[in-house]
2 protein chains.
Amino acid sequence: MARAGITSESLTRAAAELADEIGFERLTGSAVARRLGVKDPSLYAHIRNARELKVRVALLALEELADAAAAALAGRSGKDALVALAGVYRDYAAKHPGRYTACRFELDAQTAAGSAGPRHTEMMRALLRGYDLPEPDQTDAVRFLGAAFHGYVSLELAGGFRHTPRDADASWAWALDTLDFALRNHPSRPS
Amino acid sequence: MARAGITSESLTRAAAELADEIGFERLTGSAVARRLGVKDPSLYAHIRNARELKVRVALLALEELADAAAAALAGRSGKDALVALAGVYRDYAAKHPGRYTACRFELDAQTAAGSAGPRHTEMMRALLRGYDLPEPDQTDAVRFLGAAFHGYVSLELAGGFRHTPRDADASWAWALDTLDFALRNHPSRPS
DNA sequence: TTAGCTTTCCTAATATGATTAGGCAAATGC
DNA sequence: GCATTTGCCTAATCATATTAGGAAAGCTAA
């Protein structure tokens with residue numbers, strides 16, 4: 001009875017790959033077990049339940065995404081930073097659709113607090129420092145940017161733009177121009 | 001063997017109510033059957049498969065939402081219309097979280113074309129006529145507004161704003177102010 | 001009204017996925 | 001080298017999705 005040598009990491013990696021291939025919604029314990037060459041019940045030595053599988057993928061994705069965002073943001077500011085950060089989200093979603101979807105998986109407060117989620121918020125705030133918004137506008141802007149990025153990427157991922165001739169890249173650039181314009185000239189900006 | 005008297009409509013309604021109560025992701029054929037007081041296989045006289053159940057809820061929700069949007073838009077224009085339309089989405093999501101989520105369910109091209117989806121796009125375009133944007137900016141703006149609305153509502157629904165003191169209503173108003181400002185003063189506006 | 005047709009529902013059965021219990025062998029610590 | 005822990009397996013249970021086949025309900029028309 002040779003062991004498969006599953007580790008917490010290899011299991012999570014396998015689940016993430018699977019999610020990208022078949023979609024996060026269809027991610028299943030059985031499928032992961034099959035991919036790892038073990039029987040379903042063997043997974044329970046490594047995870048508490050099927051939900052934890054998804055949580056793991058979500059945490060991995062949030063961290064990968066935060067790392068990529070941090071790298072892209074380094075040395076950039078203003079619109080340059082805005083475009084770079086937005087591009088990271090969009091590219092990650094295109095390359096890892098399952099993981100991107102996982103980022104939206106609802107975590108309980110505990111888990112969310114320990115995740116890379118707060119890093120994303122911080123980076124958004126760092127980005128917004130280039131736009132000089134006073135509080136509470138900065139908080140509003142964080143939410144607004146998060147919503148705009150996520151909304152756009154998720155609509156694009158769902159194929160919402162496929163049936164209109166207009167190029168998605170061009171629309172994306174337009175959206176970023178508009179966001180930059182709105183933040184730069186926002187009425188609440190100090191003098 | 002008395003009949004339950006299920007119709008296509010009563011089935012869809014039951015499914016939609018269930019989705020609002022337990023969440024669209026957890027909507028299951030068995031649960032609907034239980035609610036209707038029939039056995040699982042009896043459903044297959046009315047639907048092709050479990051997926052169709054979700055599709056039905058999605059179509060119902062898209063239509064309800066489009067109807068509400070049309071009513072809210074009637075007689076309004078400019079920012080007034082923007083705020084009204086956005087409010088419809090947000091309120092519907094608050095009142096019918098399962099159905100709102102269903103609106104995001106991926107439909108195949110055929111089904112999507114016959115759904116109320118296109119009405120939503122048209123209404124967005126009607127709203128944007130008040131902002132006088134030339135093509136292709138109008139298309140870009142439709143996508144941008146759709147993304148912003150959906151992104152905001154879905155983040156709020158997921159509880160993304162619950163752990164920050166700033167009031168969600170105030171942030172929402174800020175976002176709408178910002179969108180209105182950006183569209184009104186957009187560089188691409190004629191003259 | 002009744003013979004016949006269609007529709008709606010049921011029971012039985014199968015497949016997949018999630019999960020627990022209990023066992024045995026492999027790795028690990030001394 | 002032995003005891004302990006750990007990883008994996010088989011067997012079993014439960015929920016959901018789905019098919020096959022049957023029977024009764026309700027409509028249709030002579």
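Predicted model, so just to flag it, every value in this text is computed and none were measured. Chain A is the first sequence line, chain B the second, and so forth, proteins listed ahead of strands; every chain is numbered from 1.
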Subject >> Heavy-atom pair with the smallest gap, counting every atom of B:A84 and B:R76 >> reply: CB-CD, 3.7 Å

**OP:** Taking all heavy atoms of A:Q138 and all of A:L133, pick out the closest pair and write down the distance.
**Re:** NE2-O, 3.8 Å

Can you tabulate the close N/O pairs, meaning under 3.5 Å, that link protein atoms to atoms of nucleotides 2-5 of chain C?
none

Original post:
Rounded to the nearest Å, what distance is computed from the CG atom of residue A:L11 to the C1' atom of nucleotide D:dT6?
Top reply: 15 Å

Original post:
Any idea which heavy atoms bring B:A81 and B:L73 closest together, and the distance?
Top reply: O-CD1, 3.7 Å

Original post:
Is there a donor-acceptor contact under 3.5 Å linking the side chains of B:S154 and A:R104?
Top reply: no

Original post:
For A:L18, what are the other residues in its hydrophobic cluster, where any two members join if their side-chain heavy atoms are less than 4.5 angstrom apart?
Top reply: A:I6, A:L11, A:I22, A:F24, A:L27, A:V32, A:L36, A:V38, A:L43, A:Y44, A:I47, A:L53, A:V55, A:V57, A:L59, A:L62, A:F105, A:L107

Side-chain donor-acceptor distances from residues 155-165 of chain B under 3.5 Å, at least two apart:
{"unit_1": "B:E156", "atom_1": "OE1", "unit_2": "B:R90", "atom_2": "NE", "d": "2.8"}
{"unit_1": "B:E156", "atom_1": "OE2", "unit_2": "B:R90", "atom_2": "NH2", "d": "2.9"}

Subject >> Any donor-acceptor N/O pair, B:S115 side chain to B:A112 backbone, under 3.5 Å >> reply: yes

**OP:** May I have the distance from A:L43 (atom CG) to D:dC8 (atom P), rounded to whole angstrom?
**Re:** 9 Å

**OP:** Report the C-alpha separation of B:H46 and B:E52 in whole Å, then their side-chain angles, then the decisive distance to 0.1 Å, and conclude whether the side-chain contact (heavy atoms from CB on, under 4.5 Å) test is met.
**Re:** CA-CA 10 Å; B:H46 305 278; B:E52 194 180 321; over 6 Å; no

Original post:
Rounding to a whole Å, what distance do you find between B:L36:CG and C:dC10:P?
Top reply: 11 Å

**OP:** Work out which heavy atom in A:R143 is nearest to a heavy atom in B:R166; give both atom names and the distance.
**Re:** NH2-O, 3.0 Å

Subject >> Distance test, side-chain N/O of B:H46 to OP1/OP2 of C:dT7, below 4.0 Å >> reply: no

Original post:
How about B:H96 and B:Y92: are their ring centroids closer than 6.0 Å?
Top reply: yes

Below 3.5 Å is the cut-off: list the nitrogen or oxygen pairs between protein and nucleotides 26-28 of chain D, distance only.
none

**OP:** Examine the side chains of A:R125 and A:T139 and answer whether a donor and an acceptor come within less than 3.5 Å of each other.
**Re:** yes

Subject >> Any A:S42 side-chain N or O less than 4.0 Å from OP1/OP2 of D:dC9 >> reply: yes

Subject >> Contact list for DNA chain D against residues 18-27 of chain A - heavy-atom distance below 4.0 Å >> reply: none

Original post:
Please give, in whole Å, the distance from D:dT18 C1' to B:E52 CD?
Top reply: 14 Å

Original post:
Do B:R56 and B:S8 have a side chain donor and acceptor closer than 3.5 Å?
Top reply: yes

Subject >> Options D:dT18, C:dT20, C:dC9, nucleotide nearest the side-chain atoms of B:Y44 >> reply: D:dT18

Subject >> Base versus backbone protein contacts along nucleotides 11-16 of chain D [heavy-atom cut-off under 4.0 Å; B, S, -] >> reply: B----S

Subject >> B:D20 and B:Y100, any side-chain heavy atoms less than 4.5 Å apart >> reply: no

Original post:
C:dT8 P sits how many Å from B:I47 CD1, rounded?
Top reply: 13 Å

